[in-house]
Amino acid sequence: MKSKSETMKKIKSYSLVLAGLIGLTANSQNFDGVEIKTTQVTDHIYMLQGAGGNIGVSSGEDGIFVIDDQFAPLSSKILAAIREISDADIKYLVNTHWHGDHTGGNVNMNAAGATIIAHDNVRKRLEETPKPDSTYAPKEALPVITFNDKMHIHINGEEVDVIHVANAHTDGDSQLYFTKSNVLHTGDTYVNKSYPFIDLSSGGSMDGYINAVRTAIVLINDETKVIPGHGELSNKSEYAVFFSMLINMRDSVQKAIDAGKTEEEIVADTTITATFDRLGYGNGFISSEKFRQTVYSSLKASKK
């Protein structure tokens, strides 16, 4: 049986490797062939897809409000896609969390006029975490407005609720709900039809992730349009299947732990994820094996 220190070391190493892969994408990927796809969600809300996290855009009489901004090399394409929607001033940008595939364009969006908003821990992690090239985020990339629980943004004829969900994908996740338009942007507390990356080294946890999804599902209804952190535009029904998957995985891995199964046995046990593997959940960024490892590591850490 592994000691507590060995288990915690493995958790940190595993999560840092995955977080590093996200950061390295901006340095290793050629973005020349990436196209920005624009999907109109409502009369004034849009979803932009390219490489990295899905972007939300609200356009109206008050200007442009943006959620997340992918990688810096894509900023010119993203800004061009926004200009196809409207030539109004870009007023605000909310980062749903600190990972580079959601914050990589912050400097460029700042230069385009956006005031950057995020949870307190997003600024803290951007300030204190070295990038793969050992540099740190410049001042222009940092949120200038931060909050610790919830805030409300009144823009383009509606209130946008910005809700912090604790220790889910990271320790700084925000979900944004457009109260009039009935649109939810989940950040990476939802990846459509894939297993999620739960960044344990950034304060994420399995139980926190489940609680975040529960918070969102209670908030929305069958008519809500859901913009996930990754994947296609979604709805409450699909989000509920994702929620069921999380509960199933948590309970199955906990049952195996309680039965005395070792880490290696649980990670190798394909029956744990078989039901959702058949639905294609293991075909995304996080494989079935990696997800079983994450769930095990998170549950073991929560008992310490």
Side-chain angles (χ1 to χ4, degrees), residues 13-40 46-57 64 66-85 90 93-114 116 118 122 125-126 129-142 169-170 185-188 190-199 201-202 227-233 280-291:
S13 174
Y14 173 68
S15 295
L16 286 175
V17 167
L18 288 176
L21 287 173
I22 293 173
L24 285 169
T25 301
N27 295 325
S28 61
Q29 181 175 343
N30 184 337
F31 291 96
D32 292 347
V34 175
E35 296 183 0
I36 305 301
K37 174 186 174 183
T38 300
T39 300
Q40 186 165 2
Y46 301 80
M47 180 178 78
L48 273 53
Q49 295 171 284
N54 290 335
I55 295 171
V57 176
I64 299 294
V66 183
I67 305 169
D68 289 339
D69 53 28
Q70 298 189 1
F71 297 106
L74 289 173
S75 293
S76 60
K77 293 182 179 182
I78 291 167
L79 289 168
I82 291 173
R83 290 301 167 223
E84 288 293 318
I85 296 170
I90 298 176
L93 165 71
V94 172
N95 292 144
T96 60
H97 61 286
W98 78 280
H99 288 153
D101 60 326
H102 295 255
T103 63
N106 276 13
V107 170
N108 298 326
M109 294 300 288
N110 181 326
I116 304 175
V122 173
R125 290 197 178 276
L126 287 174
T129 306
K131 295 187 288 186
D133 61 2
S134 298
T135 64
Y136 291 82
K139 177 182 177 181
E140 294 78 11
L142 302 178
H169 172 61
T170 68
H185 192 303
T186 67
D188 277 3
Y190 177 34
V191 287
N192 194 3
K193 297 177 183 175
S194 297
Y195 295 123
F197 168 37
I198 302 176
D199 188 354
S201 70
S202 293
I227 300 175
H230 297 266
E232 298 303 315
L233 185 66
Y281 273 72
N283 298 330
F285 176 65
I286 300 300
S287 69
S288 306
E289 182 180 13
K290 287 178 180 177
F291 192 58

Nearest 0.5 Å, what's the [atom1]-[atom2] distance between [X] and [Y]?
| X | Y | atom1 | atom2 | value |
| --- | --- | --- | --- | --- |
| Lys139 | Leu126 | NZ | CG | 15.0 Å |
| Thr186 | Asn54 | OG1 | CG | 8.5 Å |
| Ile198 | His169 | CD1 | NE2 | 9.0 Å |
| Lys193 | Tyr281 | NZ | OH | 8.0 Å |
| Met47 | Glu232 | CE | CD | 5.5 Å |
| Ile116 | Asn106 | CD1 | CG | 4.0 Å |

Side chain to side chain contact (heavy atoms under 4.5 Å, CB included) between Tyr195 and Ser288: does it pass, once the steps are laid out? CA-CA 7 Å; Tyr195 295 123; Ser288 306; 3.5 Å; yes
Check whether any side-chain heavy atom of [X] sits under 4.5 Å from a side-chain heavy atom of [Y], and report yes or no.
| X | Y | result |
| --- | --- | --- |
| Phe291 | Pro196 | yes |
| Ile227 | Leu233 | yes |
| His230 | Asp101 | yes |
| Ile67 | Thr96 | yes |
| Thr170 | Arg125 | no |
| Ile55 | Ile36 | no |

Kindly say whether [Y] contributes a backbone atom to a donor-acceptor pair with the side chain of [X] at under 3.5 angstrom?
| X | Y | answer |
| --- | --- | --- |
| Asn110 | Ala141 | no |
| Asn108 | Ser76 | no |
| Gln49 | Lys37 | no |
| Lys290 | Gly282 | no |
| Lys77 | Phe31 | yes |

Heavy atoms only: give me the nearest [X]-[Y] pair and the separation to one decimal.
| X | Y | result |
| --- | --- | --- |
| Gly53 | His102 | CA-CE1, 3.4 Å |
| Tyr46 | Ile85 | CE1-CG2, 3.4 Å |
| Gly284 | Ser194 | CA-OG, 4.0 Å |
| Ala72 | Gly104 | CB-O, 3.2 Å |
| Asp32 | Asn30 | N-OD1, 2.8 Å |
| Ile64 | Ile82 | CG2-CG2, 4.0 Å |

Side chains of Thr129 and Trp98, donor plus acceptor under 3.5 Å: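 No donor-acceptor contact under 3.5 Å links the two side chains.
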Taking atom types as modelled and ignoring hydrogens, do the side chains of Asn95 and Thr103 form a donor-acceptor contact shorter than 3.5 angstrom? no
In terms of heavy-atom contacts, does CD of Glu84 have more than 12 from other residues, nucleotides or ligands at under 6.0 Å? no
What's the verdict on side chain to side chain contact (heavy atoms under 4.5 Å, CB included) for His99 and Asp199, showing C-alpha distance, side-chain angles and the deciding distance? CA-CA 10 Å; His99 288 153; Asp199 188 354; 2.7 Å; yes
